[in-house]
Amino acid sequence: MARRSFAHTRVTWHTSTTDMAYTCGRTRGIRVLWLALAPAAITVVPSAAVREVVEGFVPAWWVAASGVSLLFLLGSVLHREGRRVWRAVVTLALMAFMAAMLLSRPEDAERGLVLLSGMVGFLAYVWPPDRLRVLDHLRVEHPAEFEVQVAALVATLFGFDAWLSMPAATVASVSALTVLFLVPVAYAWRGRLPATRWQVALVVSAGLTALLPAAVVIATLALGAPLEESLRYVALGLLSPLAMLGLASRHAFRRRLAPSAAIAREPDLVDVVLNNPSRVLVVSFVAICAVGTLLLALPIAAAHGDPLPFMDAVFTAVSATCVTGLITVDTPVAFSGFGQAVVLTLIQVGGLGIMVFSAAAVVFLGKRLSLSHERAAVDLVGASGRAGLRGALRDVFVVTVATEGLSALLLTLAFWAGDDGFLMALWRGTFTAISAFCNAGFALQSASLVPYAESPFVLGVISVTIVVGGLGPSVVMALVWFRRPRVQRHSLHTRLVLSTTALLIVAPAFLIAALEWNNTLADMSLVDKLGNALFQSITLRTAGFNSIDLARVAPATWTLMILLMFVGGSPGSTAGGAKTTTLAVVVLSILAVARGRERIEIFGRTLPNVSVLRATAVTTLGVLASCVGLACVQITQDIPLDAALFEVVSALATVGLSVGATGMLDDIGKVIIVACMFAGRVGPLTLFVFLASASSARVDHTYPEENVSVG
């Protein structure tokens with residue numbers, strides 16, 4: 001084994017292969033992987049075609065499944081570093097196992113993609129390059145939480161897949177599912193991960209939850225009831241590996257923040273991700289979208305017990321996390337209370353930004369962020385500097401809780417005064433308030449806010465909530481004069497955001513009223529016409545609610561809507577789009593060129609050239625992304641040009657409005673719009689964080705200037 005003496009900064013080698021096998025982290029991880037796959041092999045419920053092929057060689061399917069499971073178990077026990085025989089044998093068993101899973105549901109393309117990706121990951125881990133094997137030996141510490149993470153990931157993946165096959169499940173497959181869920185619990189207890197009372201309680205609860213599939217089968221057989229009627233409750237067993245994954249990840253995160261983590265060592269993949277704020281942001285959004293997809297695809301999340309199609313679960317999870325609001329299924333009809341709660345959680349986490357949550361957790365726990373993370377967090381929340389990061393994060397949560405709480409209270413009273421009972425009104429009021437503040441556009445009414453088109457109070461409360469969420473906490477707190485000094489209250493950012501937002505609310509409201517006065521607003525009173533025109537002007541910039549039928553609006557209104565959606569909200573807010581300040585800087589630069597000026601001056605201040613370059617880059621990238629997305633939709637979908645353009649811009653700007661094109665998408669079209677939503681939410685944030693992290697770089701030389709003819 002290779003051991004590194006950090007006190008003397010030298011490496012000493014012990015050539016014992018046996019000792020190396022027992023201490024190599026990858027060897028232990030491979031053993032855990034094989035052990036977790038042993039019960040997973042029996043959870044697979046094959047199709048009739050697979051049964052027919054397999055039973056041509058062996059008497060029954062369960063014999064083949066048991067044989068594969070036995071190979072995995074033997075591989076877990078007999079695997080040693082440097083011995084490739086058993087590793088090759090078990091790898092062949094893994095490939096046969098994956099082939100059987102692919103053939104069990106060949107029509108499910110999304111499942112096949114996930115399984116193939118998982119198999120590639122497994123093979124890359126089991127057969128690493130020599131350099132990675134050497135690095136595994138150089139690492140002295142092999143924390144137990146890694147083994148728990150491997151077992152929990154396998155249990156979650158195959159447990160979820162087994163759950164989707166539950167209508168054809170057998171007693172053996174459900175029993176194997178119980179064993180599969182117990183593997184990460186056993187490794188967590190063996191590795192002594194529970195260090196406090198609540199962690200012990202969590203592990204014990206996870207162990208009891210893992211027993212739920214077997215308990216359901218035993219109770220069903222004892223009562224003589226059909227097994228199919230009780231299988232929906234087996235999904236709760238998935239909470240066990242998810243809890244162990246969370247506990248192990250918490251331990252791994254705390255280990256990274258420990259002082260001992262600063263000791264020099266070879267960087268791994270986690271270091272590469274965590275040391276770059278842009279990568280942290282992207283990986284975090286991918287992770288939360290993946291978890292949301294798994295939860296929304298559970299039958300318990302569906303209103304009628306039948307699991308949601310996987311592509312629809314992906315689409316909804318990404319739309320909620322990216323606070324877009326585009327839907328392929330009707331939220332109040334398709335989802336149960338649990339599913340709606342998952343959607344609401346994704347909206348809240350995605351709206352505030354996972355980086356804000358992580359920065360707040362680190363700062364409030366008394367930890368220090370790295371310099372690059374601090375610069376990114378400071379610019380992301382609009383803090384005055386590193387010293388003001390804690391106060392800025394506090395302002396974010398104060399504005400969020402105060403706005404959502406007050407809006408939820410007022411909307412609850414309004415819904416309660418209508419036809420809803422108190423509990424339903426409370427739930428709908430809370431859901432709508434959070435969705436409005438996060439500019440998500442999800443609603444618990446199938447027709448969005450069209451039923452409240454003649455309710456000025458409801459539209460007014462939601463409008464104010466959308467505006468507050470779109471301004472950003474730094475601007476909102478700057479308006480509270482007794483909390484900020486005069487200089488900060490009248491900063492250029494605050495004044496530019498407020499003036500641009502006011503202009504983008506008032507001017508489009510008059511245009512919409514004029515264009516739709518005798519069209520979609522024809523049957524309303526004067527107050528309702530003006531109120532709905534104002535509401536549409538506000539919600540078009542990334543909120544995604546609608547109080548009129550968008551399919552009936554005039555073509556000129558469509559064009560105005562697309563332009564407003566492209567602009568979006570303000571920096572540091574929950575809104576998407578190119579941002580109001582970006583539009584302001586671009587317009588001001590055009591006016592400066594028209595006036596023959598080389599500098600942009602506004603409100604007694606001069607904008608630096610870097611702001612103009614950033615605004616130009618963001619606008620150009622937004623236009624290019626819209627063109628690419630539109631071309632992809634036109635190539636793969638049979639959708640009219642105007643509807644396709646509206647859909648793509650709505651997805652990229654994370655607005656969520658649609659004129660009917662969402663329902664016309666096939667699976668390929670859904671993937672394209674999912675990519676647009678993810679790029680529209682994460683792309684600008686990643687670019688912003690990257691620029692903030694690299695803002696301290698200084699160029700130590702300049703080249704001579706030379707003019708180029710343009711225009």
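Hydrogens, waters and symmetry mates are skipped; everything else that's a heavy atom, side chains included, is used.
Minimum interatomic distance between Gly29 and Val150 (heavy atoms only, all atoms of both residues): O-CG1, 4.1 Å. The heavy-atom pair separating Leu238 from Gly159 by the smallest distance is CD2-C, 3.9 Å. A pairwise comparison of heavy atoms in Ala152 and Pro241 identifies CB-O, 3.5 Å as the closest pair. When all heavy atoms are compared, the tightest approach of Met244 to Ala206 is CE-CB, 3.6 Å. In terms of heavy-atom proximity, Met311 sits nearest to Asp667 at CG-OD1, 3.8 Å. Between Val68 and Ala41, the shortest heavy-atom contact is CG1-CB, 4.1 Å.
Between Phe72 and Trp34, the angle of the ring planes stays under 30°, which puts this pair in the parallel group of the 30/60° scheme.
Under the side-chain hydrogen bond (donor to acceptor under 3.5 Å, both in side chains) criterion, the residue pairs touching residues 670-680 are Asp312-Lys670, with sequence neighbours excluded.
The one candidate from Thr328, Leu308, Leu296, Val329 that meets the side-chain contact (heavy atoms from CB on, under 4.5 Å) condition with Phe315 is Thr328.
No side-chain heavy atom of Leu73 sits less than 4.5 Å from a side-chain heavy atom of Ser69. Taking 4.5 Å as the limit, some side-chain heavy atom of Val291 sits within range of a side-chain heavy atom of Leu295. Put simply, the side chain of Thr209 does not reach to within 4.5 Å of the side chain of Phe181, judged on heavy atoms. Taking 4.5 Å as the limit, every side-chain heavy atom of Leu247 sits out of range of all side-chain heavy atoms of Val148. Two residues are said to be in side-chain contact when any heavy atoms from C-beta on lie closer than 4.5 Å; Val286 and Phe678 meet this criterion. For the pair Met677 and Val674, the minimum side-chain heavy-atom distance is below 4.5 Å. Side-chain contact check for Val200 versus Trp189: some heavy-atom pair is nearer than 4.5 Å. Between Thr91 and Leu123 the shortest side-chain heavy-atom distance falls below 4.5 Å.
We find the CG-CG distance between Leu37 and Leu33 to be 4.5 Å, quoted to the nearest 0.5 Å. The CG atom of Leu94 sits 7.5 Å away from atom CE of Met119, with the distance rounded to the nearest 0.5 Å. Atom CD of residue Glu145 and atom CG of residue Leu245 lie 12.0 Å apart, to the nearest 0.5 angstrom. Rounded to the nearest 0.5 angstrom, Leu71 CG and Leu92 CG are separated by 9.5 Å. To the nearest 0.5 Å, atom CG of residue Leu182 and atom OG of residue Ser240 are 7.0 Å apart. The distance from atom CD1 of Ile347 to atom OG1 of Thr324, rounded to the nearest 0.5 Å, is 10.0 Å.
A donor-acceptor pair under 3.5 Å is absent between the side-chain atoms of Arg87 and the main chain of Ile30, judged by distance alone. Thr636 places no side-chain N or O within donor-acceptor distance of the main-chain N or O of Ile668, the cut-off being under 3.5 Å. With hydrogens and angles ignored, the 3.5 Å screen pairs a side-chain donor or acceptor of Ser336 with a backbone N or O of Ile300.
By the 6.0 Å contact criterion, CG on Leu70 is enclosed, its count of non-hydrogen atoms from other residues, nucleotides or ligands being greater than 12.
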